[in-house]
Structure formats: C-alpha cells, structure tokens
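Note that the coordinates shown come from a computational prediction; the quantities given were computed from them, not determined experimentally. One is the number of the first residue; the rest follow in order along the sequence.
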Amino acid sequence: MTDVLFLRSDELADLATPADYVEWVREGYESHGNSGSAEPRTKLVSADPPGMCTGYLAILPEVGGMGGYTYAAGFGDEDVHFALPIFDAESGRMLAMLDGASMNPFKTGAAGAVAVDELAREDATTCAVIGSGAQARGQLKATATVRDFETVRVFSPTEANREAFAEEFDDRLDADVTAADSSGDAIADADVVITATKASDPVFHDHELPDGAHVTAMGQYDRGKQEIPPETVARSTYVPDLRERAFQDAGAFLHALDGGLIDEEHIHAELGEVVAGHEPGRTSDDEITVFDSGGTGIETVAAAWYLYQRADEQGLGETIEFLPGSEALTGE
C-alpha cells in the first residue's frame with residue numbers, strides 16, 4: 001500500500017508567492033535544458049458533446065519530480081478540472097495528487113517571467129499587457145518580480161475589464177498601471193509585451209512593435225490561434241517552450257512557416273536551453289525576442305513538486321492510498 005498526499009486547490013492557493021513560482025519554474029527549465037524530458041500536450045477533442053481531454057508530462061531529474069497535468073474541459077459539465085499526479089523522479093514512487101486549478105495561472109505566468117528575465121533587456125521599464133483575464137494577471141504578477149516596471153499599460157476589448165485590471169494592479173505594483181484605448185497604444189514604446197488572450201487573429205500590428213521589445217505570447221496553443229503577427233515571428237529571435245510543440249500547435253509560428261516567411265531552422269532555441277546556458281538569449285538591445293508559451297509539463301511539474309514539498313512540511317492535505325502494481329496487478 002502506498003500513501004499518497006492529496007492536496008486541494010484551496011490548500012495550494014496561498015502556499016507560494018509569484019517570486020516562488022518563478023524560482024521553481026526556472027529550476028524546472030534548467031533541469032529540462034540539462035537532462036530532463038518533456039513532450040507537447042496530447043489533446044483529444046470531442047465534437048458532440050463539445051469538449052476536450054488533454055494532458056502533458058515531464059521528467060525533471062535535477063528538480064527531483066516527474067508527472068504532469070491531465071484535464072478535461074467542456075462536455076456536459078461546461079467546466080474544467082485539473083488532476084496532477086507527482087512521482088519521485090528517482091524511485092518512481094507516487095507521492096502526491098494535486099487539484100491543480102489554483103496554481104495554473106501562477107505556474108504559467110512564471111514560465112513567461114523566466115523568459116522575460118532571459119530575453120528582455122535588463123533596463124526594461126515599460127510593460128504592455130494584452131488581455132485582462134486570469135492568465136494575464138498571472139503573467140503580470142510573475143513578470144513584475146523580474147523587472148522593475150515604471151509603466152504598465154493594459155488593453156482588452158471590454159473597457160470595464162481593462163479598467164478593472166488597471167485599477168487592481170495600480171494598487172498592487174509600484175508601477176503606474178493604466179488602461180489603453182487600443183493594443184497599439186498599449187505597446188507603443190513598450191520594452192515587454194505580454195499577450196494572454198484567446199484570439200484567433202493577431203492582437204497587434206507588427207509595425208507597431210518597437211525595436212528591442214520582448215514579446216511573451218501565451219495564447220498560441222492551437223494552429224488556429226495567431227495571437228501575434230507572423231511577421232513578428234519572422235523578425236524575432238524566436239524561443240518556444242518546446243521545439244516540438246512549435247511545430248504541433250504554435251499558431252503564429254505555423255502561419256509564418258506556411259506563408260514562407262520562415263523555414264524550419266528559424267527556432268533559435270528552447271527556453272530550457274537558454275536557461276541552462278547552452279544557447280544565448282538576447283544578444284543586442286535592438287533585436288525583437290519572442291517567447292512562445294503553449295503550456296508544458298516543465299513548469300507544471302516544477303511548481304507542483306515544490307508546492308507538494310511545502311504542503312508536506314506544513315502538514316497540509318490528507319493521505320489517500322494507492323496500491324502499487326506489485327500488489328494490485330494480479331489478474332485475480
């Protein structure tokens with residue numbers, strides 16, 4: 001009999017700061033860049049009833065953990081549910097099962113922040129955020145821990161949403177946070193641009209993006225999602241979370257590839273290769289850099305591993321029992 005710690009989403013919600021997530025996810029990408037293993041998501045889609053079942057995995061030896069998300073969205077429930085098993089990367093023993101919903105924006109935001117720290121200019125002070133939902137909040141919370149922003153401008157199509165977002169973060173951050181009337185106004189003179197939307201078409205024009213900007217695009221998780229212009233991909237130092245994922249579902253990258261703007265060699269490096277020091281990040285002040293974040297098991301496992309460790313230290317969760325295969329796989 002194996003004792004497994006089950007952790008509810010509300011137990012995880014206040015266990016870590018955005019800076020904690022950034023530190024953990026940085027370790028995850030470094031581990032992946034050195035000796036880890038991860039694959040892009042597998043996504044199964046149902047038309048009737050409409051929904052999807054998807055998941056992704058990672059082994060992070062230097063972190064110590066392995067596992068990943070499985071989640072379902074839609075169907076008759078019209079909601080989303082995240083199951084997150086964590087295993088010891090050395091023994092293979094199952095250690096924990098997390099309800100991963102509350103951590104999702106924070107671990108995803110942390111991946112974007114790690115990329116900003118590696119790829120944005122050191123003197124970046126102006127940030128633009130396109131989007132105002134949970135993922136946009138997670139991205140800004142994390143990114144503000146790696147750069148000292150003086151100005152943040154946010155745009156989303158619904159005025160009330162962007163105004164509420166700006167008010168929330170104007171109180172939360174030292175920066176001056178305001179709502180912009182258009183995406184073009186938001187990214188004007190921006191050093192860092194975060195796009196966190198569900199858009200099928202680019203949310204800004206390439207000519208509006210200033211030289212030297214870094215773009216974190218995290219809404220590019222489907223061939224039909226082209227959150228940033230293909231021209232921006234073409235003129236950028238392009239870094240995805242996983243090289244294989246870019247060819248699977250990174251919408252703007254695939255659009256640029258199909259349109260002949262780039263070839264298959266356009267990928268500069270995976271983020272883990274940059275974090276681990278195997279490939280350079282930004283090499284000049286005027287280059288455009290892009291981090292294409294579609295979601296992987298790397299940030300998921302890294303964040304979940306350390307959340308589990310912290311929860312266990314604090315006596316949180318409840319023990320559930322799993323039978324190992326040696327006991328249960330009997331055929332009787």
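- With sequence neighbours excluded, the residues forming a side chain to side chain contact (heavy atoms under 4.5 Å, CB included) with D206 are P229, E231, T232, R235, listed by chain and number.
- We find the CG-CZ distance between L173 and F149 to be 9.0 Å, quoted to the nearest 0.5 Å.
- A donor-acceptor pair is defined here as one N or O able to donate and one able to accept, closer than 3.5 Å; no such pair exists between the side chain of T126 and the backbone of A190.
- Counting heavy-atom neighbours within 6.0 Å of H205 NE2, excluding the residue itself, gives a total of 12 or less.
- T330 meets the side chain to side chain contact (heavy atoms under 4.5 Å, CB included) test with E332; sequence neighbours excluded.
- For residues 265-316, the pairs satisfying ring pair (Phe, Tyr, Trp, His ring centres under 6.0 Å) are W24-Y306, with sequence neighbours left out.
- For D117, the salt bridge (Lys or Arg N to Asp or Glu O under 4.0 Å) partners are R26, R147, not counting sequence neighbours.
- With a 6.0 Å radius and a threshold of 12 heavy atoms from other residues, nucleotides or ligands, D14 has its CG atom at or below the threshold.
- Within 6.0 Å of CG on D174 lie no more than 12 heavy atoms contributed by other residues, nucleotides or ligands.
- More than 12 heavy atoms of other residues, nucleotides or ligands shown are found within 6.0 angstrom of CG on D77.
- Between D189 and R153 no salt bridge is recorded (no basic side-chain N to carboxylate O distance below 4.0 Å).
- Checking each of V152, V154, D170 against F165 for a side chain to side chain contact (heavy atoms under 4.5 Å, CB included) leaves exactly one that passes, namely V154.
- Contacts of R282 classified as salt bridge (Lys or Arg N to Asp or Glu O under 4.0 Å), with partners at least two apart in sequence or in another chain: none.
- The distance from atom CD of E159 to atom OG of S132, rounded to the nearest 0.5 Å, is 12.0 Å.
- Using a 30° and 60° split on the angle between ring planes, H32 and Y29 fall in the perpendicular class, above 60°.
- With rounding to the nearest 0.5 Å, the separation of CG in D99 from CG in L7 is 9.5 Å.
- Residues forming a side chain to side chain donor-acceptor pair (under 3.5 Å) with S102 (at least two apart in sequence, or on another chain): S9.
- Using a cutoff of 4.0 Å between basic side-chain nitrogens and carboxylate oxygens, K43 and D249 are not scored as salt-bridged.
- Ring planes of F247 and F253: perpendicular class, angle over 60° (limits at 30 and 60°).
- The structure places NE2 of H214 at 10.5 Å from CG of L209, a figure rounded to the nearest 0.5 Å.
- Separating the OG atom in S156 from the CD atom in E163 is a distance of 9.5 Å, to the nearest 0.5 Å.
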Review item, side-chain donor-acceptor pairs of residues 314-328, under 3.5 Å, at least two apart:
residue	atom	partner	partner atom	Å
E327	OE1	M1	N	3.2
E327	OE2	M1	N	2.6

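- Remark: E90 CD is loosely packed, at most 12 non-hydrogen atoms of other residues, nucleotides or ligands lying under 6.0 Å away.
- In this structure E30 satisfies the side chain to side chain donor-acceptor pair (under 3.5 Å) test with no other residue, sequence neighbours excluded.
- One finds the CG atom of L15 at 11.5 Å from the CZ atom of F106 (value rounded to the nearest 0.5 Å).
- With sequence neighbours excluded, the residues that form a side chain to side chain contact (heavy atoms under 4.5 Å, CB included) with A134 are P105, R137.
- Listed by first and then second residue, the salt bridge (charged side-chain N to carboxylate O under 4.0 Å, His left out) pairs that reach into residues 287-299 are R245-D292, sequence neighbours excluded.
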Worksheet entry | Audit row: K198, E227, salt bridge (Lys or Arg N to Asp or Glu O under 4.0 Å) steps and yes/no | CA-CA 8 Å; K198 297 180 179 179; E227 193 177 46; over 6 Å; no
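- P85 is linked by a side chain to side chain contact (heavy atoms under 4.5 Å, CB included) to F87, M94, M97, counting only residues two or more places apart in sequence or in another chain.
- Scanning for salt bridge (Lys or Arg N to Asp or Glu O under 4.0 Å) contacts around E11 gives R8, with sequence neighbours left out.
- In terms of hydrophobic clustering, with Ile, Leu, Val, Met, Phe, Trp and Tyr side chains grouped at heavy-atom distances under 4.5 Å, F82 and L12 are assigned to a common cluster.
- Between the side chain of D191 and the main chain of T125, a donor-acceptor pair closer than 3.5 Å is present.
- Counting heavy atoms of neighbouring residues, nucleotides and ligands inside a 6.0 Å radius, atom CG of D171 exceeds 12 of them.
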Fill in: Stepwise side-chain contact (heavy atoms from CB on, under 4.5 Å) test for V114 and V22
CA-CA 6 Å; V114 170; V22 173; 4.1 Å; yes
